[in-house]
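Structure, as structure tokens:
Note that these values count all heavy atoms, side chains included, but never hydrogens, waters or copies made by symmetry. Chain naming here is simple, since letters A, B, ... match the order of the sequence lines and numbering starts at 1 in each.
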Amino acid sequence: MRYWLIKSEPDAYSIDDLARDKTTPWTGIRNYQARNFMRDQMKVGDQAFFYHSNCDEPAIVGITEVSATAYPDATQFDRKHKYFDEKATRETPRWLHVDFRFVKKTKPVTLAELRGHKSLAKMQLLARGNRLSITPVDPDAWKYILTLMK
DNA sequence: GCCAACGTTGGC
DNA sequence: GCCAACGTTGGC
């Protein structure tokens, strides 16, 4: 069982949206590294921090769990969809995604706060220039961040 | 709104 | 295979 951090812009899809929906297909990932994490490594039961990006106060705001392993992203086949990909076919889909289930909302742990903890300095989220929307979180960092939510 | 950092595309 | 140009991300 692994730990992850997934980013979402709250204007597009927030932790409250997930709380309402209970589970959601994580469609629209169009980055190979992020896709490969989902396709090759994510298992049902893996846990992930839900992070709000590109907003007033970037922060981890909740916890989610993988509820379905990777399957083809339907939006890549939809000619009218923003995420349509003309190079993808049903036989050889290019993009896949998992489903996430809502676990809980937490006290926000802001990006600024995360940066203040030396033991978290190696987190990929905090790496210079990081833009990846799905990053692994190592178990020690996971446990440490849980204590910051208390 | 700015801009640094990064990924992708496409000409050669 | 190289690399310039371009588009996107996301903090500030």
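Residue A/Arg131 has its side chain nearest to B/dC6 when only B/dC6, B/dT8, C/dC12 are considered. Of the candidates B/dG7, C/dG11, C/dG10, B/dG7 carries the atom nearest the A/Gln33 side chain, counting heavy atoms from C-beta on.
Using a 4.0 Å cut-off between charged nitrogen and carboxylate oxygen, A/Asp46 and A/Lys43 do not count as a salt-bridge pair. Note on A/Lys105 versus A/Asp16: salt bridge recorded, some NZ/NE/NH1/NH2 to OD/OE distance being below 4.0 Å.
Looking at A/Asp73, its side chain never comes within 3.5 Å of a backbone N or O of A/Leu96 through a donor-acceptor pair. Counting only distance, with no hydrogens or angles, the side chain of A/Asp21 and the backbone of A/Thr24 share no donor-acceptor pair below 3.5 Å. Of the possible polar contacts, none joining the A/His117 side chain to the A/Ser119 backbone as a donor-acceptor pair under 3.5 Å is found.
Per the geometry, CD belonging to A/Gln124 stands 12 Å off P belonging to B/dC6, to the nearest Å. Protein atom CG of A/Leu132 is 22 Å distant from nucleotide atom P of B/dA4, rounded to whole Å. Between the CG atom of A/Asp56 and the P atom of C/dG10 there is a distance of 16 Å, rounded to whole Å. Residue A/His52 contributes atom NE2, which lies 12 Å from atom P of C/dG11 at whole-angstrom precision. Taking atom CD1 on A/Ile6 and atom P on C/dT9, their separation rounds to 16 Å, with Å as the unit. Remark: C1' of C/dG10 and CG of A/Leu126 are 14 Å apart, rounded to the nearest angstrom. Regarding A/Met123, its CE atom lies at a distance of 16 Å from the C1' atom of C/dG11, rounded to whole Å. A straight line from CG of A/Leu5 to P of C/dT9 spans 17 Å, rounded to a whole angstrom.
For C/dG10, the OP1/OP2 oxygens have a side-chain nitrogen or oxygen of A/Lys7 closer than 4.0 Å. At the phosphate of B/dC6, neither OP1 nor OP2 sits under 4.0 Å from any side-chain N or O atom of A/Tyr32.
Here A/Phe37 and A/Trp4 bring their ring centres to under 6.0 angstrom of each other. Ring to ring, A/Tyr83 and A/Trp95 are not that close: their centroids are 6.0 angstrom or more apart.
Where A/Arg128 and A/Arg30 each meet DNA chain B at their nearest nucleotide, the meeting point lying more 5' is that of A/Arg128. Mapped onto DNA chain B by nearest heavy atom, A/Lys87 and A/Asn31 fall at different nucleotides, with A/Asn31 at the one closer to the 5' end.
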Both distances under 3.5 Å, Watson-Crick or G-U wobble: on that basis, could you give the dot-bracket string for DNA chain B, with [ ] for crossing pairs and | for other-strand partners? ||||||||||||
